[in-house]
**Q** 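I have a structure I would like to understand better, so I am pasting it below and will then ask my questions one at a time.
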2 protein chains.
Amino acid sequence: MNQNAHSFLSADTVDEASRTFKALADPTRIKILYLLSQEECSVNHITEVLEMTQSAVSHQLSMLRNLRLVKYRREGNTFYYSYADEHVITILNQVLTHIECK
Amino acid sequence: MNQNAHSFLSADTVDEASRTFKALADPTRIKILYLLSQEECSVNHITEVLEMTQSAVSHQLSMLRNLRLVKYRREGNTFYYSYADEHVITILNQVLTHIECK
DNA sequence: TAAGTATATGAACATATGCTCATATAAAAT
DNA sequence: ATTTTATATGAGCATATGTTCATATACTTA
């Protein structure tokens, strides 16, 4: 068995996969993305549904924004968020479905 | 828009999903699981391929064992590891494939 | 039986993560 | 113009994470 006996992943690929899974690795972000997979939501709505502080939610949305997993539109003072990465939502739903079917 | 306008996830489901994604969120564990998705490997082999210390690899294998994502068999002094959770491997390969196709 | 080989494990340490608290920003309402 | 409402953001803090270093364990070989 030598080091060339199998295919390799580039460091970039591994890093990006890691970033994707990290985004989904936190319960709060899972809940936010699951919510957004069902409907566009204001920050306030997310805050109420998750029963968390506005700041905590906003920080997580900021992270999800940086990862380009969510996008938003503004309407006056209200920001409506929605998901921006179909593939990540698919992966999330796959895992959730698999867990709930056990 | 009220709190009952959409379906909810149980805390247990969210936690288990989080644990699954956390397992895949680290580059070292991604590399190990990817290797094991292709062939059963000894700890030594993993250590050499990943160019990491034996201790670091062993610690990660210990974590993957606790999460029931890998199993092993012993042959004298050598421990051969293989993956134990088909679904997690499927998810990993899906994400890796998606990244590499971009 | 002693030395060597393969792996596991505990402690320590540096970095990352997720929250809170205080405050900033910007539009809306008064 | 001032206050209110909705959201963003920086600093600080406690906990989690991943690695190294030292050492333990267990089997093999001389």
Side-chain angles (χ1 to χ4, degrees), chain A residues 1 11 14-36 39-82 84, chain B residues 1 11 14-36 39-82 84:
Chain A
M1 200 151 58
V14 171
D15 283 351
E16 182 157 350
S18 163
R19 239 168 305 160
T20 299
F21 288 123
K22 238 171 218 150
L24 295 167
D26 174 70
T28 297
R29 287 193 295 275
I30 289 179
K31 290 181 209 163
I32 290 176
L33 288 173
Y34 181 71
L35 249 180
L36 298 184
E39 53 179 350
E40 189 188 49
C41 295
S42 70
V43 178
N44 228 332
H45 181 66
I46 299 173
T47 298
E48 282 167 14
V49 173
L50 302 198
E51 295 179 318
M52 292 182 60
T53 67
Q54 179 269 321
S55 181
V57 169
S58 199
H59 275 296
Q60 293 294 4
L61 285 172
S62 160
M63 173 170 311
L64 292 171
R65 242 163 36 220
N66 290 335
L67 294 166
R68 318 244 174 223
L69 299 189
V70 301
K71 60 191 175 191
Y72 67 94
R73 69 185 173 85
R74 185 175 197 152
E75 221 173 84
N77 260 347
T78 305
F79 290 59
Y80 291 100
Y81 278 81
S82 53
Chain B
M1 199 150 61
V14 171
D15 282 351
E16 182 156 351
S18 163
R19 241 170 312 183
T20 299
F21 288 122
K22 238 171 217 150
L24 294 167
D26 174 70
T28 298
R29 287 193 295 274
I30 289 178
K31 290 180 207 163
I32 290 175
L33 287 173
Y34 181 72
L35 249 180
L36 298 185
E39 54 179 351
E40 188 189 50
C41 294
S42 69
V43 178
N44 228 332
H45 181 65
I46 299 172
T47 299
E48 281 166 14
V49 172
L50 301 197
E51 295 179 317
M52 293 182 61
T53 65
Q54 179 269 319
S55 182
V57 169
S58 200
H59 274 296
Q60 294 294 4
L61 285 172
S62 159
M63 173 170 311
L64 292 172
R65 241 163 36 220
N66 290 335
L67 294 166
R68 319 243 174 224
L69 299 188
V70 301
K71 61 191 173 189
Y72 66 95
R73 69 186 174 82
R74 187 176 197 150
E75 222 172 83
N77 260 348
T78 304
F79 290 59
Y80 291 101
Y81 278 81
S82 54

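Heavy atoms only: backbone and side chains are in, while hydrogens, waters and symmetry mates are out. Throughout, protein chains are lettered first and strands after them, A, B, ... in sequence-line order, and every chain is numbered starting at 1.
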**Q** May I ask you to list the residues of residues 21-30 of chain B, by number, that have any heavy atom positioned under 4.0 Å from an atom of DNA chain D?
**A** B:K22, B:D26, B:T28, B:R29
**Q** Nearest heavy-atom pair of B:V14 and A:I30: which atoms, and what distance?
**A** O-CD1, 3.8 Å
**Q** Output the distance between atom CG (B:L24) and atom CG (B:L33), rounded to the nearest 0.5 Å.
**A** 6.5 Å
**Q** Would you say the side chain of A:I46 lies within less than 4.5 Å of the side chain of A:L36, judging by non-hydrogen atoms?
**A** yes
**Q** Do B:N44 and B:T78 come close enough that some side-chain heavy atom pair is under 4.5 Å?
**A** no
**Q** Listed by chain and number, what are the side-chain contact (heavy atoms from CB on, under 4.5 Å) partners of B:Y72, not counting sequence neighbours?
**A** B:R65, B:F79, B:Y81
**Q** Search all heavy atoms of B:D15 against all heavy atoms of A:P27 and return the closest pair with its distance.
**A** OD1-CG, 4.2 Å
**Q** Applying side-chain contact (heavy atoms from CB on, under 4.5 Å), can you list everything that pairs with A:A56, at least two apart in sequence or on another chain?
**A** A:M52, A:T53
**Q** Identify, residue by residue, the members of residues 54-69 of chain A with a heavy atom below 4.0 Å from DNA chain D, and return them in order of residue number, or none.
**A** A:Q54, A:S55, A:S58, A:H59, A:R65
**Q** Using C1' atoms of five pairs at each end, report the bend of the helix from C:dT1-D:dA30 to C:dT30-D:dA1 rounded to 10 degrees.
**A** 10°
**Q** Want to settle it: does B:N44 or A:G76 sit nearer the 5' end of DNA chain C, counting the closest nucleotide to each?
**A** B:N44
**Q** Reading DNA chain C from 5' to 3', where do the contacts with chain A start and stop? Cut-off is 4.0 Å to heavy atoms.
**A** C:dT17 to C:dA28
**Q** What is the separation between atom OH on A:Y72 and atom P on D:dA6, rounded to the nearest whole Å?
**A** 18 Å
**Q** Could you grab the distance from atom CG of B:L61 to atom CG of B:N66, nearest 0.5 Å is fine?
**A** 11.0 Å
**Q** Of A:E75 and B:Y81, whose closest DNA chain C nucleotide lies nearer the 5' terminus?
**A** B:Y81
**Q** Is it true that a side-chain atom of B:S62 and a backbone atom of B:S58 form a donor plus acceptor pair closer than 3.5 Å?
**A** no
**Q** What is the separation between atom CG on B:N77 and atom P on D:dA24, rounded to the nearest whole Å?
**A** 18 Å
**Q** Does any pair with a residue in residues 18-29 of chain A pass side-chain hydrogen bond (donor to acceptor under 3.5 Å, both in side chains), and if so which ones, sequence neighbours excluded?
**A** A:R29-A:Q60
**Q** Please write out each protein N/O paired with an N/O of nucleotides 1-3 of chain D under 3.5 Å, distance rounded to 0.1 Å.
**A**
none

**Q** Give me each pair satisfying salt bridge (charged side-chain N to carboxylate O under 4.0 Å, His left out) with a member in residues 69-81 of chain B, each pair once, sequence neighbours excluded.
**A** B:E40-B:R73, B:R73-B:E75
